[in-house]
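Numbers here are sequence positions counted from 1.
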Amino acid sequence: MQNFGVTAQTTERAFEFHAEVLSRTEVSRDGAFRGEPVHHTPRADQEIIARERRVDPRTLGVPDLKGDSQRLDVRFVQLENVVIELLRYRDAAQPMSGGDSWAEPRDHMSPAYPCSIHICFYVRDDVNFDTFIGDLEAECARRGMTQVRANRTVAVHSEDERRAAPKNANTIKIHEGPSNGWSSIDCEGPEGEQLEFVQVLRPVKKTVADGAAVRRTPTKRGWRTSRQRSGMTSERPWTDRSCARSLKSS
């Protein structure tokens, strides 16, 4: 897999979270993309639907990159073996950094909607998962990213109740069945993106390792793993900055 894409309302805020809070490395940035190929490559299907419905493509979220109206900016950041592409569609008059996005953010971001996608991060075994979630929220609040909030495993009826929930309600921990040893929590990112943090301990960790070992069993093609056949390199070493000390990408 090459990357996950997140369309941001404010790329500077999204970049600060993904590159600084989670300590990813910026790979590249580019912007002001426009023209017929850029416009049609990802959006031709939506324009066909707009014609069939006889509506303006903009009502379906299709910006005009053919002419002088809108532009597309992109930034790539990397944590270990996962790359996140941050995209921003803006009016041409808006600067590449700062300003507003072309489209309004969606009101409903529940992961229960079909086609919803989330990004999952693996928390290291030696990290106190509940403490990590508290530290993540505190660091984001310090930076003004008050929308970064992890859910709780108990019923809460207000933001005050969510913040006052006991620390051990920061993550759900499974202690029986096939998923014994699995802990996780869902979280909303600064752009409304759906995030998940996971910690996998024994015995389910062994189940996961055994599954990986099956992929590496000898075949007629030899011992090489799918990762090796694709030419991918080994995982990057840990950085010791910020929350990356606690995270592995997943």
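- Taking the side-chain hydrogen bond (donor to acceptor under 3.5 Å, both in side chains) definition, one finds that Glu161 meets it with His157, sequence neighbours left out.
- For Arg71, there are no side-chain hydrogen bond (donor to acceptor under 3.5 Å, both in side chains) partners two or more places apart in sequence or in a different chain.
- More than 12 heavy-atom neighbours from other residues, nucleotides or ligands sit within 6.0 angstrom of CD on Glu159.
- Under the salt bridge (charged side-chain N to carboxylate O under 4.0 Å, His left out) criterion, the residue pairs touching residues 183-195 are Arg13-Glu191, with sequence neighbours excluded.
- Between Ile133 and Ala150, the shortest heavy-atom distance links the atoms CG2-CB, 3.6 Å.
- In this view, Asp73 and Arg88, Arg90 satisfy the salt bridge (Lys or Arg N to Asp or Glu O under 4.0 Å) rule, not counting sequence neighbours.
- In this structure, Asn151 CG and Ile172 CD1 are separated by 11.0 Å, a value rounded to the nearest 0.5 Å.
- Considering only residues two or more places apart in sequence or on other chains, Ser69 meets the side-chain contact (heavy atoms from CB on, under 4.5 Å) condition with Asp64.
- Val83 is not connected to Val77 by any chain of hydrophobic side-chain contacts under 4.5 Å among Ile, Leu, Val, Met, Phe, Trp and Tyr, and they are in different clusters.
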Going by atom type alone, with no hydrogens or angles, which donor-acceptor pairs under 3.5 Å involve a side-chain atom of residues 195-210 and a protein atom two or more places apart or on another chain?
residue: Glu196; atom: OE1; partner: His118; partner atom: NE2; Å: 2.9
residue: Gln199; atom: NE2; partner: Arg124; partner atom: O; Å: 2.7
residue: Gln199; atom: NE2; partner: Val127; partner atom: O; Å: 2.9
residue: Lys205; atom: NZ; partner: Asp125; partner atom: OD2; Å: 2.2
residue: Lys206; atom: NZ; partner: Asp210; partner atom: OD2; Å: 2.9

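- In terms of modelled atom types and a separation under 3.5 Å, the side chain of Thr153 and the main chain of Ala169 share a donor-acceptor contact.
- Side-chain contacts under 4.5 Å among hydrophobic residues (ILVMFWY), followed directly or transitively, place Val156 together with Val154.
- Annotation: side chain of Val74 is not in contact with side chain of Leu86 (no heavy-atom distance under 4.5 Å).
- Ile117 belongs to no hydrophobic cluster with other residues, because no ILVMFWY side-chain heavy atom falls under 4.5 Å from its own, directly or through intermediates.
- Listed by first and then second residue, the salt bridge (charged side-chain N to carboxylate O under 4.0 Å, His left out) pairs involving residues 29-42 are Glu26-Arg29, Arg34-Asp68 (not counting sequence neighbours).
- Distance CG/Asp135 to CG/Asn170: 10.0 Å, rounded to 0.5 Å.
- No donor-acceptor pair under 3.5 Å is formed between the side chain of His18 and the backbone N or O of Thr25.
- Just one residue in the list Arg162, Arg163, Arg143 forms a salt bridge (charged side-chain N to carboxylate O under 4.0 Å, His left out) with Glu137, and that residue is Arg162.
- Interatomic distance, Ser101 OG to Tyr89 OH, rounded to the nearest 0.5 Å: 11.5 Å.
- Of the possible donor and acceptor atoms, none in the side chain of Ser116 sits under 3.5 Å from a partner among the backbone N and O of Ala112.
- Taking CZ from Phe33 and CG from Leu87, the interatomic distance works out to 10.0 Å, rounded to the nearest 0.5 Å.
- Residues Leu65 and Leu72 approach most closely at CD2-N, 4.1 Å, considering heavy atoms.
- Gln194 contributes atom CD, which lies 8.5 Å from atom SG of Cys187 (distance to the nearest 0.5 angstrom).
- Note on residues 47-58: pairs passing salt bridge (charged side-chain N to carboxylate O under 4.0 Å, His left out), not counting sequence neighbours, are Glu47-Lys66, Asp56-Arg58.
- Taking Asn168 as the reference, nothing meets the side-chain hydrogen bond (donor to acceptor under 3.5 Å, both in side chains) condition, with sequence neighbours excluded.
- Not counting sequence neighbours, the partners of Asn128 by the side-chain hydrogen bond (donor to acceptor under 3.5 Å, both in side chains) test are Thr131.
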